[in-house]
Amino acid sequence: LVYHESTVGAGLPVLSTLTDLIRTGDKVIKIEGIFSGTLSYIFNEFSKFDGEKKKFSEIVKIAKENGYTEPDPRDDLNGLDVARKVVILGRLAGKDLSLKTLPVENVVPEPLRTLSSATEFMSSLPQFDEHFEKLNATANNNQQVLRYVGVIDPIGDKSEVKLVSLPSSHPFASLKGSDNIIAFTTQRFPNPLIVQGAGAGAAVTAFGIFSDLFKISDRYFK
């Protein structure tokens, strides 16, 4: 038995919830989530229905300065961090997912992917603000917002990681800050069971790790 709660959603009860659903005989139909605190912050700030509008490059710059991103923000924007978490959840749900075959949308504009440094990337990103603004305008014109979402489909073959447009009624559309949110749609929960909260940060990650250590202690030393 492996305890690795903090590999997805830091201290949020994501893996334990999925494990409990499966062990009690529920059938998982779909798992959807915003699994990256960095991308959550960036798109929550960039794509919204009201409030101050900022350029995409400005928001990425603020996120980097506040320590939300990796030293090179492309390591967040390429979607691989979210993809790893989707693979972990998918395998736990019985789906043979792999980073080699999982469709992952890289939102880094193609000309910026091969730049030699993060500094060069950040200085070149404003050239593509119009590209991101067009995506956002299209979503807003349809009363939708942009969110970067991972999907696990244990039944079919439609697991993926991508940037999507969601209506205001969707629970992911009202997310704030850098929170994570994961929705479990199952036979028992046709209206999704939702886990939401801080999915990154030292304190919540330490909480998740210590919780696992206590479980190990309870299992083997009592």
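When a residue number appears, it is its place in the shown sequence, counting from 1.
Crowding of E65 atom CD: a count of heavy atoms from other residues, nucleotides or ligands under 6.0 Å exceeding 12. Surrounding CG of D157 are at most 12 heavy atoms belonging to other residues, nucleotides or ligands under 6.0 Å away.
Note on L89 and I181: separate hydrophobic clusters, where clusters join Ile, Leu, Val, Met, Phe, Trp and Tyr whose side-chain heavy atoms are under 4.5 Å apart, directly or indirectly.
Between the CD1 atom in I29 and the CD atom in Q187 there is a gap of 6.5 Å [rounded to 0.5 Å]. Note that the OG1 atom of T17 and the CD atom of E5 stand 7.0 Å from one another [nearest 0.5 Å]. The line from CZ of R84 to CG of L97 is 15.0 Å long, rounded to the nearest 0.5 Å. The CD atom of E70 lies 7.0 Å from the CG atom of D81; values are rounded to the nearest 0.5 Å.
Taking the six-membered ring where the residue is Trp, F210 and F214 present tilted rings, their angle falling between 30° and 60°. Ring planes of F132 and F56: parallel class, angle under 30° (limits at 30 and 60°).
Contact between Q144 and S165 at its shortest, heavy atoms only, is OE1-CB, 3.2 Å. The two atoms that bring R113 and N106 nearest to each other are NH2-O, 3.1 Å, heavy atoms only. P192 and T185 get closest at one heavy-atom pair: CG-OG1, 3.4 Å. Of all heavy-atom pairs spanning A93 and P154, the tightest one is CB-CG, 4.1 Å. For the residue pair A198 and L12, the shortest heavy atom distance occurs at O-CG, 3.5 Å. Closest non-hydrogen pair, T205 versus A10, comes out as OG1-CB, 3.5 Å.
Checking D129 against S57 by side-chain atom types alone, a donor-acceptor pair falls below 3.5 Å. Between the side chains of T24 and R188, at least one donor N or O sits under 3.5 Å from an acceptor N or O.
For the side-chain contact (heavy atoms from CB on, under 4.5 Å) with L39, the qualifying choice from L77, N44, I34 is L77, the only one to do so. Of the residues listed (T69, I59, V60, D76), the one engaging Y41 in a side-chain contact (heavy atoms from CB on, under 4.5 Å) is I59, and it is the only one.
Taking the ring centroids of Y148 and F172, they lie at or beyond the 6.0 Å cut-off.
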